[in-house]
Amino acid sequence: MFHFDTSVLAKEALLMRARRFFSGTKKTILLPMAGRLYGVDIQEGKFLRFASVPFPHDKEPEKIAEALEALAEKGIRGKSLMLIATSRDLRTKVLNLPEMDEDEMHESLSWEEDRIFPGDEPLQTGLRVLSHTPQAWHILFSSVYEITVTRWIEGARLVKKRLVSILPVTDIPLADGPYGVCFATKSTAQLFFYCGEKVRSLKARQSERDKIRRFFLREADGMEGEVPCFLVPLFSCTEEELAYWKASLLAAISGGEVPEENPDIVDEEEDAFSAVLAYEDAPDTRDFSEEEASANLKVMIPAEEEGFLHETAFRLLMGAEKAGTVIPSGAVRRLFTEENRGLRMAQGAAVISFLFCLTGLGMFVSAEKDFLHEKELSISLSPVRKEMEAYEKEQHEARALEGMLRKLEKENMHWEQKLAYLGESMPSGVVLREIAEESGEVRLEGTAQTPEAVGILRDVVASSWGGETRIGKRKGNPLTKLTDFTIIWTRADETPKTDAPRKAVKRTVKK
């Protein structure tokens, strides 16, 4: 069985991830409820658009994708999705655990997961600590089937969206103070009462008027002010069953006749649902004033059917930001997809270029440090001062030409590769003063110690660059015994145009 890592760090990471979801770029919160899919777009914590579409079932990724596309046509277009879980496999239990440290508590839940939620299906789980005393932990523990999460992940992927996480509908606050909720399916419901850190739950059927009434009145007894009671239809609750539940809840709390259960409704998954809602609090035999508690309770059910569903959906979507339990989607964000393959390749090339830049910068910094060290050692040596000044001048020119090299790399001459080849095979005793492009031909001007070195450089250029290479001029200096030279290189597929204007880019390479 699948066990989710519920360690302290993992829990904090999930909550931080949920908080980040509500900030930044546009995102979407989804709520499947009573045969419809509701959605709201948020950006920077602000709600932008609210819409809903018919959503008969969530058993196929293709149907989920169709519903998401229908929402997109109504303006709900966020790429990152957060789902409020309302499916039949959502299971929530209120647990009291003995005293242990927090890591042990999370580990125990991981190991006891299949006992807490019986069944053979792998689960995705999440929890919220309601309270912690020196004697016990009071927690709200929720789970959904992993296959349900997978369907939503695949459905979102079909429309190029991503499911970030899941919020159990049973842990989304609907009011600031104490309140009750009836989470209804076809014929059964789970009753919850929330009062700060205290949460109690009970399973009931439509016809169990006294059971529903005593649960809510018992919990609302002694509380000051109005205590709202909400009806939340889960995904499997049809419109017809919703009408029965509305009448049952109103009759149970406000008094009146309880409608009979619909004999045509057959709950095919009753056994499974009994398992997921099997937890009930121990019977509470506390005495309470039924008259006073009944005066406090107010059933929050408007008369209009459509208004009720939209109001309930919007209340849940608005409260999603305050949800205490986050179940991870388990979705793996793929690095390469058909849509972003070109972008990822461009990013990779940029990273490689950046690494080369860092390497060159490191080499430059290292050379600069060596130079400063040598300068300190030779500052008192006057015979070599002139040489040092010349070296500093060359270094300054080299730094000034680095910007030009960046521009040259963008040209079609592939300077980076050519200079790399030239640098690897550069003969000794040769200094280049200028590399200039003019009308399809490249001129290399510099000084060599011997004429033979000029010939060697010409051969190096011809072998590493290809094309045609020739020596333009070669002139010896009788004083310095050095040879000034010009080497002309032409690509094989171009013919020099002597009348075209000269576009020169100077480069200096010290060897």
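The analysis underlying the following values was restricted to heavy atoms, covering all of them including side chains, and did not include hydrogens, waters or symmetry mates.
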(request) Go through the steps to decide whether Leu167 and Leu83 satisfy the test side-chain contact (heavy atoms from CB on, under 4.5 Å), and finish with yes or no. (result) CA-CA 6 Å; Leu167 306 177; Leu83 174 67; over 6 Å; no
(message) As a quick check of understanding, evaluate side-chain contact (heavy atoms from CB on, under 4.5 Å) for Arg218 and Phe193, giving each step before the final call.
(response) CA-CA 10 Å; Arg218 180 190 65 196; Phe193 195 89; over 6 Å; no
(message) One pair to check against side-chain contact (heavy atoms from CB on, under 4.5 Å): Val129 and Trp137. What are the steps and the verdict?
(response) CA-CA 7 Å; Val129 176; Trp137 291 87; 3.8 Å; yes
(request) Report the C-alpha separation of Phe314 and Tyr38 in whole Å, then their side-chain angles, then the decisive distance to 0.1 Å, and conclude whether the ring pair (Phe, Tyr, Trp, His ring centres under 6.0 Å) test is met. (result) CA-CA 8 Å; Phe314 194 74; Tyr38 296 85; over 10 Å; no
(request) Walk me through it: do Arg162 and Leu81 pass the test side-chain contact (heavy atoms from CB on, under 4.5 Å)? (result) CA-CA 6 Å; Arg162 185 171 67 94; Leu81 308 178; over 6 Å; no
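Although no hydrogens or angles enter the test, the distance criterion places a donor-acceptor pair under 3.5 Å between the side chain of Asp41 and the main chain of Arg77. In this structure, Lys63 contributes its side chain and Gly155 its backbone to no donor-acceptor pair below 3.5 Å. A donor-acceptor contact shorter than 3.5 Å links the side chain of Lys161 to the backbone of Gly78.
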Side chains of residues 169-183: which donor-acceptor pairs under 3.5 Å do they make with residues two or more places apart or in other chains?
| unit_1 | atom_1 | unit_2 | atom_2 | d |
| --- | --- | --- | --- | --- |
| Thr170 | OG1 | Thr92 | OG1 | 2.6 |
| Asp171 | OD1 | Arg128 | NE | 3.0 |
| Asp171 | OD1 | Arg128 | NH2 | 2.7 |
| Asp171 | OD2 | Arg128 | NE | 2.9 |
| Asp171 | OD2 | Thr325 | N | 3.0 |
| Asp171 | OD2 | Thr325 | OG1 | 2.6 |
| Tyr179 | OH | Leu174 | N | 3.4 |

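Side-chain contact between Leu31 and Val40: absent, with no pair of heavy atoms (C-beta onward) separated by less than 4.5 Å. Taking the side chain as every heavy atom from C-beta outward, Leu37 and Ile64 never approach each other to under 4.5 Å. In this structure the side chain of Ser143 never reaches within 4.5 angstrom of the side chain of Glu113, judged on heavy atoms. At a threshold of 4.5 Å between non-hydrogen side-chain atoms, the residues Glu104 and Asp101 count as touching. In this structure, the side chains of Lys93 and Ile116 come closer than 4.5 Å at one or more pairs of heavy atoms. In this structure, Leu127 and His106 have side chains that are in contact, with non-hydrogen atoms separated by less than 4.5 Å. Residues Leu123 and Val144 form no side-chain contact, since every pair of their non-hydrogen atoms from C-beta on lies 4.5 Å or further apart. Taking the side chain as every heavy atom from C-beta outward, Leu242 and Leu231 approach each other to under 4.5 Å.
The pair Glu208-Arg205 does not meet the salt-bridge criterion, since no charged nitrogen lies less than 4.0 angstrom from a carboxylate oxygen. Between Arg200 and Glu219, at least one side-chain N (NZ, or NE/NH1/NH2) sits under 4.0 Å from a carboxylate O, which counts as a salt bridge. Look at Arg399 and Glu368 and you find a salt bridge, because one of the NZ, NE, NH1 or NH2 atoms lies within 4.0 Å of a carboxylate O, short of that distance.
Within 6.0 Å of CZ in Phe356 there are 12 or fewer heavy atoms belonging to other residues, nucleotides or ligands. Within 6.0 Å of atom OH in Tyr421, 12 or fewer heavy atoms from other residues, nucleotides or ligands are found, so the atom counts as exposed in its surroundings.
To the nearest 0.5 Å, atoms CG (Leu361) and OG (Ser366) are separated by 11.0 Å. Rounded to the nearest 0.5 Å, atoms OG (Ser248) and NZ (Lys246) are 12.0 Å apart. Here the CE atom belonging to Met33 is positioned 13.0 Å from the CZ atom belonging to Phe55, to the nearest 0.5 angstrom. Note: Met82 CE to Ile166 CD1 = 10.0 Å, rounded to the nearest 0.5 Å. Between the CD atom of Gln124 and the CG atom of Asp89 there is a distance of 11.0 Å, given to the nearest 0.5 Å. The distance from the OG atom of Ser131 to the CG atom of Leu140 is 11.0 Å, given to the nearest 0.5 Å.
The two residues Thr185 and Trp245 come nearest to each other via the heavy atoms O-NE1, 3.3 Å. Nearest approach of His310 to Ser52, heavy atoms of both residues: NE2-OG, 3.8 Å. The minimum heavy-atom distance linking Pro32 with Ile84 is given by the pair CD-O, 3.3 Å. Smallest separation of non-hydrogen atoms from Leu191 and Ala204: CD1-CB, 4.1 Å. Among all heavy-atom pairs drawn from Gly126 and Ile327, the shortest one is N-CG1, 3.8 Å. Scanning both residues, Gly39 and Ile76, for their nearest heavy atoms gives O-CD1, 3.8 Å.
A side-chain N or O of His132 and one of Glu99 form a donor-acceptor pair less than 3.5 Å apart.
Proximity of the aromatic rings of Tyr194 and Phe192 is defined here by a centroid distance below 6.0 angstrom, and this criterion is met.
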